[in-house]
Amino acid sequence: MVDAAPPPRAEILIEGGGQSLDLDALRIGFDEARVLESWRAARLAPIEALENRALRRRVVRKVLETRILRAEFQRRNLQPDGERFDELVRKAALGIKPDKAVPRDKLRDALALDDIDAHLVARFESPASLVRRVALDQVERRQLTEALLDELESRALKSAWLSENTTVEIDLVRVPRVPTPPEIDAVVQGEHTAIAAYYHANLRLFQRPERAFVRRLALPVDNPADSAEVAAVTARAEALRAEVAAGADLLKLITTQGLVADRRSRGRLTITPKRDASVFGLEKGSLTAVRKMDGGVGFYRIESYAPAMDRPLLDPRVQREAAAAVLRASDRLPHARGQAQRVRALLASASAQPELTQFIAANRLRRAKTPAFSLAGGERVPTLGLAPDLFKAAFELSPERPVTDIIRVRQDYVVARLVKHRAPVEKDWAGAKAAHRTRWRARLRPRIIDEWMRAQLTHSPLRVDKTKLDGLSVDALRS
């Protein structure tokens with residue numbers, strides 16, 4: 001007797017973090033995601049929204065991440081909070097958003113135990129067991145969050161307090177990294193290759209096609225190969241076009257009937273002749289004919305046009321712009337650096353402050369005294385924003401070495417002088433610990449799961465079969 005062949009292995013559509021999902025698992029995951037979105041939004045989320053391929057991929061990733069969290073909860077042998085689970089199930093049954101605070105006794109009084117499942121099925125149009133699983137995911141996520149915070153607390157709580165309470169104030173001066181006309185002349189005359197290389201590497205700054213700014217109303221087509229469906233959607237689009245031509249609110253129609261992808265942008269698009277030459281030459285405010293579009297059928301309304309730009313390399317002004325960019329990129333700015341060196345020398349001399357003030361005014365430089373900022377500030381310097389090198393240098397200053405070196409911060413040279421440095425005292429930790437712990441956990445709680453997830457997907461990278469995933473019809477995703 002010949003043994004029966006083993007059943008074929010289901011095709012994996014997404015994997016990562018030690019978990020993998022085939023189509024059957026994804027169908028369940030999509031239904032769970034739909035229930036969660038419906039619960040949070042207090043209205044039933046349509047699975048048709050998954051026509052949007054970008055949204056579909058985001059949801060698929062969330063489904064996989066939920067499976068990773070479930071596995072981690074089990075691996076840690078954590079036990080779900082039964083009272084919290086009962087509270088969330090009752091909220092779901094009553095249509096109360098999961099994060100809304102409601103006394104538990106009111107939830108118990110509002111709904112009899114035997115009526116819960118019927119309410120869940122009616123509200124979410126899904127099996128009660130699936131809705132309960134979604135509620136359990138919220139319980140497990142919350143408990144896993146606290147477990148991760150507990151782990152991190154032992155090694156990071158005190159160091160976070162030290163960083164938060166280590167602060168500096170600095171006096172900084174910004175020198176623009178702008179080349180002088182003679183510096184530009186030298187490059188224009190002697191560095192033709194460098195100028196040409198910059199120009200061709202940055203053509204978007206010098207050449208741009210004509211552009212049309214439009215709003216699009218596109219109706220989704222589930223199956224473009226189905227001629228009957230395409231004809232029906234086209235007829236709807238023609239009817240809506242006639243309504244808009246008669247004065248109907250196009251923006252309202254876009255947000256209520258258009259593609260999901262267009263609703264946030266309210267249908268705004270920029271079109272070039274290469275993409276669709278037929279929209280050019282029409283009057284502002286006019287409507288195009290109905291035509292096939294990415295993801296559906298619809299029409300455009302012309303909002304405005306922008307002319308083409310073509311600035312050739314032979315244009316002397318273009319050459320000078322490119323030469324200036326070459327000098328900045330290679331940091332060959334002797335005049336600006338000389339100003340920064342002068343500023344540094346004056347900042348270092350207590351007796352030279354009047355001279356520094358005059359120098360700053362004469363050269364139209366910018367100066368700022370920052371408020372105190374802490375070592376926990378994420379490499380941001382007040383008045384400048386993100387400035388990792390300056391941030392690091394500021395906390396290395398001391399009374400013995402009170403002035404930084406010249407530091408590049410985007411289009412400026414910056415030099416800073418220490419005004420005040422404050423460090424925490426060890427004996428204060430015991431009294432500050434409890435309040436700091438509360439703030440520390442509250443600050444990390446919203447993001448610690450995401451940070452943990454990134455680490456998991458670094459060790460076991462995310463892989464998605466985009467071709468197969470995008471090729472699935474919405475009907476194929478229904479459970």
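When reading the values below, keep in mind they use all heavy atoms of this one structure, side chains included, and skip hydrogens, waters and symmetry mates. Position 1 is the first residue of the sequence; numbering continues from there. Keep in mind that this is a model prediction, so the values were computed, not measured.
With hydrogens and angles disregarded, a donor-acceptor distance shorter than 3.5 Å links the side chain of Arg177 to the backbone of Arg328. Within the 3.5 Å criterion, the main-chain N or O of Val414 finds no donor-acceptor partner in the side chain of Asp412. A distance-only check finds no donor-acceptor pair linking the side chain of Lys91 to the backbone of Ala135 [under 3.5 Å]. Looking at Ser163, its side chain never comes within 3.5 Å of a backbone N or O of Ala160 through a donor-acceptor pair. Looking at Glu51, its side chain never comes within 3.5 Å of a backbone N or O of Pro220 through a donor-acceptor pair. When atom types are taken as modelled, the side chain of Thr438 and the backbone of Ala434 share a donor-acceptor pair closer than 3.5 angstrom. At distances below 3.5 Å, not a single donor-acceptor pair connects side-chain atoms of Arg266 with backbone N or O atoms of Thr255. In this structure, the side chain of Asp465 engages the main chain of Lys468 through a donor-acceptor pair within 3.5 Å.
Using a 4.5 Å heavy-atom threshold, the side chains of Arg56 and Phe30 count as touching. The shortest distance between side-chain heavy atoms of Glu379 and Leu386 falls below 4.5 Å. Annotation: side chain of Val409 is not in contact with side chain of Asp389 (no heavy-atom distance under 4.5 Å). Side-chain contact check for Tyr413 versus Val343: every heavy-atom pair is 4.5 Å or farther apart. Contact of the Arg332 side chain with the Val326 side chain is registered, since non-hydrogen atoms from C-beta on lie closer than 4.5 Å. Under the 4.5 Å side-chain criterion, counting only non-hydrogen atoms from C-beta, Arg27 is in contact with Asp24. Put simply, the side chain of Arg344 reaches to within 4.5 Å of the side chain of Asp405, judged on heavy atoms. Contact annotation: the side chain of Arg76 approaches that of Leu148 to within less than 4.5 Å [non-hydrogen atoms, C-beta and beyond].
Relative ring orientation between Trp39 and Phe124 is described as perpendicular, the plane-to-plane angle rising above 60° on a 0-90° scale split at 30° and 60°. Using the six-membered ring where Trp is involved, Phe395 and Phe373 have ring planes that are perpendicular, over 60° apart on the 30 and 60° scheme.
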Which pairs would a plain distance check flag for residues 40-48, meaning a side-chain donor or acceptor within less than 3.5 Å of a matching protein atom at least two apart in sequence or in another chain?
unit_1	atom_1	unit_2	atom_2	d
Glu48	OE2	Arg478	NH2	2.8

Could you pull out all donor-acceptor pairs under 3.5 Å where a side-chain atom in residues 419-428 meets a protein atom, sequence neighbours excluded?
unit_1	atom_1	unit_2	atom_2	d
Arg422	NH1	Asn165	O	3.0
Glu426	OE1	Lys158	NZ	3.4
Glu426	OE2	Lys158	NZ	2.4

**OP:** Might you work through the salt bridge (charged side-chain N to carboxylate O under 4.0 Å, His left out) test for Glu146 and Arg445, ending with a clear yes or no?
**Re:** CA-CA 8 Å; Glu146 298 307 312; Arg445 190 171 283 117; 2.7 Å; yes

Subject >> salt bridge (charged side-chain N to carboxylate O under 4.0 Å, His left out) between Glu37 and Arg34, intermediate numbers included >> reply: CA-CA 5 Å; Glu37 178 60 25; Arg34 184 188 63 80; over 6 Å; no

Subject >> salt bridge (charged side-chain N to carboxylate O under 4.0 Å, His left out) between Arg133 and Asp137, worked out >> reply: CA-CA 6 Å; Arg133 177 65 256 190; Asp137 286 335; 2.8 Å; yes

Subject >> salt bridge (charged side-chain N to carboxylate O under 4.0 Å, His left out) between Glu32 and Arg67, intermediate numbers included >> reply: CA-CA 11 Å; Glu32 292 169 347; Arg67 298 302 191 277; 3.2 Å; yes

Original post:
After noting the C-alpha distance and the side-chain angles of Leu23 and Leu472, does the key distance pass the side-chain contact (heavy atoms from CB on, under 4.5 Å) rule?
Top reply: CA-CA 10 Å; Leu23 180 56; Leu472 294 170; 3.8 Å; yes

Original post:
side-chain contact (heavy atoms from CB on, under 4.5 Å) between Leu21 and Val63: does it pass, once the steps are laid out?
Top reply: CA-CA 9 Å; Leu21 301 174; Val63 171; 3.6 Å; yes

**OP:** List the steps, then state whether side-chain contact (heavy atoms from CB on, under 4.5 Å) holds for Arg441 with Asp150.
**Re:** CA-CA 9 Å; Arg441 292 179 77 99; Asp150 291 343; 3.0 Å; yes

**OP:** Verify side-chain contact (heavy atoms from CB on, under 4.5 Å) between Val175 and Ile406, making sure each step is shown before the conclusion.
**Re:** CA-CA 10 Å; Val175 178; Ile406 299 169; over 6 Å; no

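Scanning both residues, Leu457 and Gly17, for their nearest heavy atoms gives CD2-N, 3.6 Å. The two residues Pro399 and Leu418 have their closest heavy-atom pair at N-CD2, 4.3 Å. The minimum heavy-atom distance between Ile14 and Leu26, with the atom names listed, is CG2-CD2, 4.5 Å. Taking every heavy atom of both residues into account, Phe213 and Ala306 meet most closely at CE1-CB, 3.6 Å. Nearest heavy atom pair, residue Leu136 against residue Phe85, reads N-CE1, 3.7 Å. Trp161 approaches His436 most closely through the heavy-atom pair N-NE2, 3.3 Å.
The environment of Glu83 atom CD is sparse: at most 12 non-hydrogen atoms of other residues, nucleotides or ligands sit within 6.0 angstrom. By the neighbour-count criterion of 12 heavy atoms within 6.0 Å, atom CZ of Arg447 is densely surrounded, having more than that number from other residues, nucleotides or ligands. In the displayed structure, Asp310 atom CG is contacted under 6.0 Å by more than 12 heavy atoms of other residues, nucleotides or ligands. Within 6.0 Å of atom CZ in Arg320, more than 12 heavy atoms from other residues, nucleotides or ligands are found, so the atom counts as buried in its surroundings.
Only one option out of Gln353, Arg367, Lys369 pairs with Asp171 in a side-chain hydrogen bond (donor to acceptor under 3.5 Å, both in side chains); it is Arg367.
Looking at Glu321 and Tyr198, their side chains never bring a donor and an acceptor atom within 3.5 Å of each other.
Taken from OG1 in Thr467 to CG in Leu13, the straight-line distance is 11.0 Å, to the nearest 0.5 Å. Going from atom CD of Glu191 over to atom CD of Gln319 covers 13.0 Å, rounded to the nearest 0.5 Å. One distance of note links CH2 of Trp452 with CD1 of Ile449; it measures 7.0 Å at 0.5 Å rounding. With values rounded to the nearest 0.5 angstrom, Leu64 atom CG is found 6.0 Å from Leu462 atom CG. Considering CG of Leu333 and NE2 of His335, their distance stands at 10.5 Å, rounded to 0.5 Å. Here Leu157 contributes atom CG and Arg437 contributes atom CZ; the two are 7.5 Å apart, rounded to the nearest 0.5 Å.
Salt-bridge formation is not detected for the pair Asp81/Arg142: no Lys NZ or Arg NE/NH1/NH2 atom is positioned less than 4.0 Å from an Asp or Glu carboxylate oxygen.
By the salt bridge (Lys or Arg N to Asp or Glu O under 4.0 Å) test, Arg268 is found to be paired with no residue, residues two or more places apart in sequence or in another chain being considered.
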